[in-house]
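Along the sequence shown, the residues carry numbers beginning at 1.
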Amino acid sequence: MEELVVLVNPENEVLGLMEKQQAHINGLLHRAFSVFLFNENGEMLLQKRASEKYHSPNQWTNAVCSHPRIEETYLEGAKRRLNEELGVDTELTEKFHFIYKADVGGGLWEHELDHVFTGTYNSEFNLNKNEVDEIRYISLENLDKEISEHPEQFTEWFKIILEEYKHHF
């Protein structure tokens, strides 16, 4: 099934739909969401992207990053992808939104109006191995250290979103 993204202007007004990979080739602004999950110890959940992903395979990123469908709200899309990728259902709170553009290699760009959500989760996961190779929790202090020592192991958008997250909290 062809996956479409919702193209928007900076005011979040819909301009149309485009196949996801084509939007990433063209670097066009589209709707997206990012989810940061934390455990009861305040550690952040990271997922390692599956090796089959068409861009940024085998890199660590936040719990979920994806795109709402045309008929979905950002929150509905975030909850759908949490379930599809991690087998998780938990409450999410929108914290902020912003626009960024990142070169993700291979002639592909993430240019997103990104709505960032947070949640807490302390139970079992049911990983979709087509999406996620592994998960782990990490303290923000250790995460900063790992990113500074091995930035190539993390997705470009995650590094941008994490810095934006820190500016809000």
- For salt bridge (charged side-chain N to carboxylate O under 4.0 Å, His left out), just list the numbers for R80 and E84, CA-CA rounded to whole Å, side-chain angles, deciding distance to a tenth of an Å, and then say yes or no. CA-CA 6 Å; R80 172 181 52 83; E84 290 173 356; 3.2 Å; yes
Any heavy-atom pair between the side chains of [Y] and [X] that's under 4.5 Å?
X	Y	result
F33	C65	no
M44	Y137	no
L82	L92	yes
K159	I147	yes
K48	Q153	no

Flag, side chain of [X] to backbone of [Y], donor-acceptor distance under 3.5 Å:
X	Y	answer
Q59	E152	yes
N9	E13	yes
S139	N142	yes
N39	N41	yes
D114	S34	yes

Cluster check [X], [Y]: I/L/V/M/F/W/Y, side chain < 4.5 angstrom:
X	Y	value
L45	L140	no
L113	V104	no
F38	I135	no
W157	I25	yes
L86	V35	yes

Measure the [atom1]-[atom2] distance between [X] and [Y] for me, rounded to the nearest 0.5 Å.
X	Y	atom1	atom2	answer
F158	N62	CZ	CG	5.5 Å
K129	S51	NZ	OG	10.0 Å
N26	E19	CG	CD	10.0 Å
S66	R31	OG	CZ	14.0 Å
L162	L143	CG	CG	5.5 Å
L127	D133	CG	CG	9.5 Å

- Message: Checking one residue: L28. Which other hydrophobic residues are in its cluster under the side-chain 4.5 Å linking rule?
- Response: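 In the cluster with L28 are V5, L7, L15, M18.
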Ring pair (Phe, Tyr, Trp, His ring centres under 6.0 Å) partners of [X], counting only residues at least two apart:
X	result
H150	none
Y100	F98
H97	H115
Y165	F36, F169

- Would you check, one step at a time, whether the test side chain to side chain donor-acceptor pair (under 3.5 Å) holds for E134 with Q47? CA-CA 6 Å; E134 61 183 285; Q47 70 148 280; over 6 Å; no
- Message: Just by distance, no angles: are the side chains of R49 and N58 close enough, under 3.5 Å, to form a donor-acceptor pair?
- Response: no
- Taking atom types as modelled and ignoring hydrogens, do the side chains of H30 and H111 form a donor-acceptor contact shorter than 3.5 angstrom?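 Note: H30 and H111 side chains miss the donor-acceptor criterion.
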Which residues share a salt bridge (charged side-chain N to carboxylate O under 4.0 Å, His left out) with [X], sequence neighbours left out:
X	answer
E131	K53, R81
K166	D144, E163
K101	none
E112	none

- Query: What residues, two or more places apart in sequence or in another chain, satisfy side chain to side chain contact (heavy atoms under 4.5 Å, CB included) together with P10?
  - Reply: L29, I99
- Message: Please enumerate all residues that pass side chain to side chain contact (heavy atoms under 4.5 Å, CB included) together with R136, with sequence neighbours excluded.
- Response: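 Applying side chain to side chain contact (heavy atoms under 4.5 Å, CB included) to R136 gives L46, W60, I138, E146, F154.
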- Steps toward side chain to side chain donor-acceptor pair (under 3.5 Å) verdict (N12, Y74): CA-CA 11 Å; N12 198 27; Y74 287 92; 2.9 Å; yes
- Item | Intermediate values then yes/no, side-chain contact (heavy atoms from CB on, under 4.5 Å), W109 and H24 | CA-CA 5 Å; W109 292 86; H24 290 151; 5.9 Å; no
Shortest non-hydrogen contact from [X] toward [Y]:
X	Y	answer
T155	T61	OG1-OG1, 2.9 Å
A78	F117	CB-CD1, 4.1 Å
T90	L37	CG2-CD2, 3.9 Å
A102	E156	CB-CB, 4.2 Å

- Item | Pair E76 + K79, salt bridge at N-O below 4.0 Å |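 So E76 does not pair with K79 through a salt bridge.
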- Query: Which side-chain hydrogen bond (donor to acceptor under 3.5 Å, both in side chains) pairs, counting each pair once, include a residue from residues 116-128, with sequence neighbours left out?
  - Reply: none
